[in-house]
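For the numbers below, each heavy atom of this structure counts, side chains included, while hydrogens, waters and symmetry mates do not.
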Amino acid sequence: MIWEVMGRIWRLQRALREEMEEGLEALDLSGLEAWLLRVVDTHPYPSDAARHMGLPPPTVSHMLRRLEEKNFLERFLDNKDLRRFSFRLTEKGRSALRQAEGLMEAALRRRLARLKPEEIAHLLELLGRLEEA
């Protein structure tokens with residue numbers, strides 16, 4: 001049963017990514033990069049972003065450099081500690097994030113349209129319970 005649950009979650013996530021893939025490619029983003037833009041908007045320090053995403057810091061650092069090179073992000077030195085830096089979305093990054101979120105929302109809405117409102121509420125409750133530590 002465990003593998004069936006994991007498999008269904010994985011297949012749903014993959015199907016949603018595939019639905020968004022063409023639109024994200026047009027924005028010059030991967031799904032993971034779009035997620036990182038969203039995370040950086042609230043967690044601007046690389047170590048905080050990596051911790052929030054559950055990814056290794058070197059992976060996030062590499063992605064941040066790529067997003068900076070593509071002008072989605074700007075790097076800033078921390079005024080309180082010049083050894084640290086943070087990132088902020090550029091206007092191009094904000095625009096791409098809005099469009100990526102629209103693609104994600106549309107893909108998920110198409111899937112959720114198959115459920116009744118009470119089923120969606122129940123799904124949210126169950127997911128919340130599964131997320132609890």
Side-chain angles (χ1 to χ4, degrees):
M1 178 174 63
I2 297 297
W3 288 105
E4 180 64 23
V5 171
M6 288 175 50
R8 285 176 184 244
I9 291 169
W10 185 79
R11 286 189 301 273
L12 174 60
Q13 183 182 16
R14 186 183 67 199
L16 290 169
R17 270 195 331 264
E18 287 173 356
E19 282 184 46
M20 301 178 309
E21 191 171 4
E22 188 176 317
L24 289 174
E25 283 178 4
L27 296 171
D28 197 21
L29 287 173
S30 70
L32 203 52
E33 288 173 331
W35 182 29
L36 181 55
L37 288 178
R38 166 44 76 211
V39 169
V40 165
D41 204 28
T42 55
H43 301 279
Y45 291 98
S47 58
D48 294 342
R51 197 169 19 263
H52 185 77
M53 295 177 78
L55 294 173
T59 300
V60 172
S61 292
H62 178 70
M63 292 171 57
L64 288 167
R65 272 194 298 280
R66 279 199 331 244
L67 290 169
E68 184 181 20
E69 289 169 2
K70 294 187 211 180
N71 196 33
F72 289 110
L73 295 173
E74 297 175 288
R75 180 188 309 235
F76 291 91
L77 283 175
D78 187 325
N79 291 333
K80 296 175 185 169
D81 183 352
L82 295 179
R83 295 170 296 174
R84 291 188 73 192
F85 57 89
S86 62
F87 286 90
R88 182 168 53 207
L89 275 70
T90 62
E91 188 52 45
K92 177 182 177 183
R94 288 210 178 283
S95 175
L97 178 58
R98 281 191 302 273
Q99 292 175 68
E101 287 176 334
L103 292 167
M104 292 176 199
E105 185 177 324
L108 189 53
R109 278 187 190 280
R110 284 190 289 275
R111 300 291 171 136
L112 290 175
R114 302 172 188 171
L115 302 177
K116 298 173 187 170
E118 59 272 12
E119 291 174 320
I120 294 170
H122 191 210
L123 175 62
L124 288 171
E125 176 194 340
L126 293 172
L127 290 171
R129 287 176 36 203
L130 290 174
E131 286 179 322
E132 292 172 1

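A salt bridge is defined here as a Lys NZ or Arg NE, NH1 or NH2 lying under 4.0 Å from an Asp or Glu carboxylate O, and E4 with R11 meets this definition. Taking a cutoff of 4.0 Å between a charged side-chain nitrogen and a carboxylate oxygen, E125 and R129 qualify as a salt bridge. Taking 4.0 Å as the cut-off between side-chain N and carboxylate O, R14 and E18 count as a salt-bridged pair.
A continuous path of Ile, Leu, Val, Met, Phe, Trp and Tyr side chains, each step under 4.5 Å between heavy atoms, connects V39 with F85, placing both in one hydrophobic cluster. A continuous path of Ile, Leu, Val, Met, Phe, Trp and Tyr side chains, each step under 4.5 Å between heavy atoms, connects L115 with L108, placing both in one hydrophobic cluster. Connection of Y45 to W35 is not established within any shared hydrophobic cluster, with ILVMFWY side chains joined at heavy-atom distances below 4.5 Å, either directly or through further cluster members. Transitive grouping of hydrophobic side chains (ILVMFWY, heavy atoms separated by less than 4.5 Å) keeps L103 and L12 in distinct clusters. In the hydrophobic clustering of ILVMFWY residues, with side-chain heavy atoms under 4.5 Å counting as a link, V5 and L123 come out apart.
To the nearest 0.5 Å, atoms CG (L36) and CD (E33) are separated by 8.0 Å. Rounded to the nearest 0.5 angstrom, H122 NE2 and L127 CG are separated by 10.0 Å. For the atom pair CG of L126 and CD of E119, the computed distance is 11.5 Å after rounding to the nearest 0.5 Å. Here CG of D48 is found 9.5 Å from OG1 of T42. Values are rounded to the nearest 0.5 Å. A distance of 6.5 Å separates NZ of K92 from CG of D28, quoted to the nearest 0.5 Å. Summarising the geometry, atom CG belonging to L16 is positioned 5.5 Å from atom CZ belonging to R111; distances are rounded to the nearest 0.5 Å.
T90 places a side-chain N or O within donor-acceptor distance of the main-chain N or O of N71, the cut-off being under 3.5 Å. Between the side chain of K70 and the backbone N or O of L29 there is no donor-acceptor pair closer than 3.5 Å.
Just one of L64, L67, L27 meets the side chain to side chain contact (heavy atoms under 4.5 Å, CB included) condition when paired with F72; it is L67. Of the options L24, V60, L55, a side chain to side chain contact (heavy atoms under 4.5 Å, CB included) to L32 is made by L55 and by none of the others.
Take H52 and apply the ring-ring contact (aromatic ring centres under 6.0 Å, His included) test, not counting sequence neighbours, and it matches H43.
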Derivation of the side-chain contact (heavy atoms from CB on, under 4.5 Å) call for L97 and E101 = CA-CA 6 Å; L97 178 58; E101 287 176 334; 3.8 Å; yes

inquiry  = One pair to check against side-chain contact (heavy atoms from CB on, under 4.5 Å): M53 and R38. What are the steps and the verdict?
reply    = CA-CA 10 Å; M53 295 177 78; R38 166 44 76 211; over 6 Å; no

request  = Check the pair S95, E91 against side chain to side chain donor-acceptor pair (under 3.5 Å), reporting the backbone distance first and the verdict last.
outcome  = CA-CA 6 Å; S95 175; E91 188 52 45; 5.8 Å; no

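Of all heavy-atom pairs spanning A50 and P57, the tightest one is CB-CA, 3.8 Å. A pairwise comparison of heavy atoms in L37 and L89 identifies O-CD1, 3.5 Å as the closest pair.
Residues S30 and M63 are not in side-chain contact: their nearest non-hydrogen atoms beyond the backbone lie 4.5 Å or more apart.
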